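This one's a predicted model, so the numbers in the text were calculated from it and none came from an experiment. Every number for a ligand or one of its atoms is a count from 1 in the order of the listing.
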Amino acid sequence: MGFLSAASAGARELRVADTHPQAYPTVQALEHMGRLLDERSNGRLTLKIFHSRVLGEEVETIQQTLAGALEMTRVNLTPLNATIPETVVASLPFLFNSAAHMHKVVDGPVGAEIGRAFEAHGFVLLAYYDSGARSFYTRDKPIQRPADLKGLRIRVQQSPLAEAMVAALGARPTPLAYGQVAVALRTGLIDGAENNLPSYHDAGHYQAAGHYALTEHVMAPEVLMMSKRVWDQLPAADRALIRQAAADSVPEMRRLWAEREKVAAQALADAGIVPVAVDKAPFQAAMRPVYDRFATTPALKDLVRRIQATR
Ligand code: GTR
């Protein structure tokens, strides 16, 4: 008995939630991280992954993580906008001009600064993961210019910024949890939504909304974060192991993501869906008031400027 309790001293299972199913790259990256942590701690630190939103939608797992009832969650940056003001910056439309630009920013000083801002709000940022670019898709008619969105009910993530972005394009923003989008599209509660190709395909949204316009308006990354309440109770050596395993899951995630973007495009083509290129300039021009409304403080404006200057 004495031996057993000594051997398991400090053992800790860290629960992590993800909205996506097991085969999705974010969950695969968490599995990779879990293997690294397990190996490097000799089985003392383990990840228990709750995928397929069994612990709830993103706004719920964010709250559970804040409370310390859940150790970690993997969410997109945008549903954090109302909680962590600095996340707004990286969720702004047409801010990143490529995946390479986004990588350079999140891997550099601006990414670290946004990461530190999580701590003032009860979270510890462990990793930025890829999320490609989000584009609009619709049920009934294709979108070629902003005027085509006029009056349409477009689902957005639960974020004031996401709502304002869609409103600035003349559509009616409809905030819904991710798990409700497929049914809302099927039943006609909404006319369209916006997401990257892997999510559009994986969640079956393409089955109801077959017109995908390549607006590529938002490139907000995914984030893996931990509850600061839990973090503060961990020994420094365990924190270092967790940070390192999370960092080491990033290259794996990038590889899986690039692969998945191709697989999704092919599967969609097989289903007869070909994303259509659009002129992005008028979409981008419509976003000026959104920048004015959300990048308000000198600190936020400075982050925007530094991201734009990152080459
Ligand atoms: C996906 C993202 C999810 C979730 C979803 C959404 O691209 O990976 O974490 O935020 O979008 O639109 O709700």
Closest contact, heavy atoms only, A90 versus P221: O-CD, 4.3 Å
Say whether D130 and H103, considering side chains only, have a donor N or O and an acceptor N or O under 3.5 Å apart. yes
Exercise answer: donor-acceptor pairs, residues 269-286 side-chain atoms, under 3.5 Å, sequence neighbours excluded:
residue, atom, partner, partner atom, Å
D270, OD1, Q266, NE2, 2.9
D279, OD1, A281, N, 3.2
K280, NZ, E216, OE1, 2.6

Taking only residues two or more places apart in sequence or in another chain, which ones pass salt bridge (Lys or Arg N to Asp or Glu O under 4.0 Å) with R145? D148
With a 4.0 angstrom cut-off on heavy atoms, strictly below it, pick out the residues next to ligand 1 and order them by chain and number. T19, H20, E58, R74, N76, S131, R134, R155, Q157, Y178, N195, N196, S199, E222
Using a strict threshold of under 4.0 Å (side-chain N to carboxylate O), is an ion pair present between E58 and R74? yes
According to the ring-ring contact (aromatic ring centres under 6.0 Å, His included) rule, which pairs have a member within residues 122-174, sequence neighbours left out? F136-H217, Y137-Y200, Y137-H205, Y137-Y212
